[in-house]
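Can you read through this structure? Questions will come right after.
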Number of protein chains: 2
Amino acid sequence: MAKDTRTRLLEASAQLFREQGYSGTGLKQITAAGGAPWGSLYHFFPGGKEHLGAEAVAHSGARYLKLFDRVFAQADAEVVRSVRDFFHLSVDALERSGWGDGCPIATVALEVASTSEPLRHACAEVFAAWEASIARRLASAGIAEDRAAELAVYVLAAFEGAIVLSRTAHDTRPLRVTADVVAATLTAELPAQR
Amino acid sequence: MAKDTRTRLLEASAQLFREQGYSGTGLKQITAAGGAPWGSLYHFFPGGKEHLGAEAVAHSGARYLKLFDRVFAQADAEVVRSVRDFFHLSVDALERSGWGDGCPIATVALEVASTSEPLRHACAEVFAAWEASIARRLASAGIAEDRAAELAVYVLAAFEGAIVLSRTAHDTRPLRVTADVVAATLTAELPAQR
DNA sequence: CGCCAGCTAGAGCGATCTATCTAGATTATG
DNA sequence: CATAATCTAGATAGATCGCTCTAGCTGGCG
């Protein structure tokens with residue numbers, strides 16, 4: 001057996017949510033995709049769909065946070081390069097999945113921002129964590145902490161927006177173009193080398 | 001009488017879609033919000049929900065395109081100022097509406113990008129039109145056409161992403177911060193004054 | 001073995017969804 | 001005024017929604 005039922009449910013949810021949104025995905029569909037029995041759903045998530053949704057958001061949020069850290073650790077000391085890598089990781093994911101694998105949070109976030117406080121909160125926490133991760137790297141590259149926090153928000157916003165455009169247009173150009181401009185902006189903010 | 005039934009349906013749809021998404025909004029709710037009889041819905045939009053959705057997207061897309069042009073015409077010759085105004089228009093809208101009035105397209109766009117080709121196409125056309133409008137203004141401020149097209153994509157991406165973050169966090173800071181950085185980026189791209 | 005958790009299995013409830021259909025009201029036009 | 005086109009009105013179908021419920025299965029432990 002691969003993973004336990006609970007995890008399979010979380011990952012099936014996350015995948016379906018990012019492709020078709022929260023309201024657009026039925027619980028039946030989730031159990032089918034996760035190969036999990038219907039009864040298990042309400043055993044593991046007694047709070048129902050909202051409970052499952054919040055945990056699925058947190059789950060893939062944490063998953064991507066790890067991915068962030070891995071990418072940042074790879075191109076060590078070269079933050080700008082890492083940020084660029086991130087945009088291109090998304091380019092690959094979109095192409096490989098046939099424009100399905102965008103941001104696992106944004107689709108849900110927009111849907112629920114005005115309709116479910118617990119879900120909105122879960123999404124907000126994920127974005128905040130991502131933001132903090134980016135800010136930390138910018139700061140350790142020599143940018144003042146306050147400025148690093150601002151730039152992190154900016155980088156994340158540009159990233160999320162570029163995914164929206166690329167996914168909608170079925171074209172990776174928005175991601176690639178935005179990556180270039182953001183990279184240039186960041187380079188200009190770094191303290192002079194040597 | 002204010003506006004005709006068809007228009008009321010389109011605008012009620014657009015408003016509800018951007019708050020709760022496409023799948024999250026029922027046709028019953030739309031007719032109620034638009035003060036329109038149920039029978040009229042399938043009279044004006046025989047293609048059903050998808051037909052209504054596509055027209056609603058196009059309708060508010062065109063509406064915002066006009067708003068773009070009005071804002072750009074106002075701060076004449078000062079493109080950067082206009083772009084900044086745009087971000088702050090969204091700041092006001094979010095605050096005034098209690099975080100409901102974000103982008104009328106993005107929510108639907110993410111939901112349907114992988115599930116409905118006609119709807120995705122409608123969203124893509126709106127983004128393309130907005131992009132072209134921004135590019136035109138940047139070009140007439142002296143930026144080379146190719147570069148203006150790239151920067152337009154970048155501006156729109158940053159704008160859309162900042163809305164996602166602000167709406168999710170219930171905080172206008174992402175929009176304000178992103179506006180500043182984008183404005184600075186654009187200023188650096190403009191040909192030297194005088 | 002007996003026992004008790006943890007988990008699986010799915011029938012079924014009321015509500016709601018999109019969509020269809022027919023009939024009546026309204027408006028424009030000859 | 002008569003007639004046709006347009007629009008309104010709502011009952012209803014059939015499917016699906018999230019969710020509850022009970023019963024049975026499974027495995028660890030005394």
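Note that the structure is predicted; figures quoted are calculated from it, not measured. Chain letters run A, B, ... following the sequence lines, proteins first and then strands; every chain starts at 1.
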| Rounded to whole angstroms, how far apart are CG on A/Asp4 and C1' on D/dT26? |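 It is 16 Å, rounded to the nearest whole Å.
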| According to the salt bridge (Lys or Arg N to Asp or Glu O under 4.0 Å) rule, which pairs have a member within residues 13-29 of chain B, sequence neighbours left out? |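 Passing the test, one end in residues 13-29 of chain B: B/Arg18-B/Asp101.
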| Between C/dA19, D/dC19, D/dC7, which nucleotide has the shortest distance from any of its atoms to the side chain of B/Lys49? |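 That would be C/dA19.
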| task | Could you check A/Lys28 against B/Ser23 and say which one's nearest nucleotide on DNA chain C is further toward the 5' end? | result |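 Looking at the nearest nucleotide for each, A/Lys28 comes out on the 5' side.
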| task | Measure the distance from CZ on B/Arg6 to P on D/dT6 and round it to the nearest whole Å. | result | 13 Å
| request: Measure from CG on B/Leu27 to C1' on C/dC17 and round the result to the nearest Å. | output: 8 Å
| message | How about CD on A/Glu145, more than 12 heavy atoms from neighbouring residues, nucleotides or ligands closer than 6.0 Å, or not? | response |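 For A/Glu145, atom CD is not crowded (no more than 12 foreign heavy atoms under 6.0 Å).
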| Nearest-angstrom distance from the residue atom CG of A/Leu52 to C1' of D/dC19 | 13 Å
| field | Nearest-nucleotide 5' precedence on DNA chain D, A/Thr25 against A/Gly39 | value | A/Thr25
| Roughly how many Å is it from CZ in A/Phe44 to P in D/dG18, rounded to a whole number? |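 Those two atoms, CZ and P, are 19 Å apart.
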| Position toward the 5' end of DNA chain D (nearest nucleotide), A/Tyr42 or B/Gly35 | B/Gly35
| request: For the pair A/Glu55 and A/Arg6, evaluate salt bridge (Lys or Arg N to Asp or Glu O under 4.0 Å) and give the outcome as yes or no after the intermediate values. | output: CA-CA 10 Å; A/Glu55 290 224 29; A/Arg6 196 187 141 92; 2.5 Å; yes
| Between C1' of C/dA11 and CG of A/Leu41, the distance in whole Å |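 Checked: the CG to C1' distance equals 16 Å.
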| Interatomic distance, B/His43 NE2 vs C/dT27 P [rounded to whole Å] |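 The distance from NE2 of B/His43 to P of C/dT27 comes to 14 Å, rounded to the nearest Å.
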| request: Answer yes or no on whether B/Lys49 is positioned over the face of B/Tyr42, meaning its NZ or CZ is under 6.0 Å from the six-membered ring centre and within 45° of the axis. | output: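 Verdict for B/Tyr42: no cation-pi partner in B/Lys49.
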| task | Establish, with yes or no, whether the OP1 or OP2 oxygen of C/dA9 is under 4.0 angstrom from a side-chain nitrogen or oxygen of A/Ser40. | result |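 Answer is no, no contact under 4.0 Å.
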| said: I'd like to check B/Glu11 versus B/His59 (side-chain heavy atoms, cut-off strictly below 4.5 Å). Are they in contact? | reply: yes
| field | A/Gln20 CD to D/dT16 P, straight-line distance once rounded to whole Å | value |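 Rounded to whole Å, this separation is 14 Å.
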| message | Between the base of D/dT12 and the side chain of B/Trp38, is there a donor and acceptor pair under 3.5 angstrom? | response |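 Per atom types, no contact qualifies.
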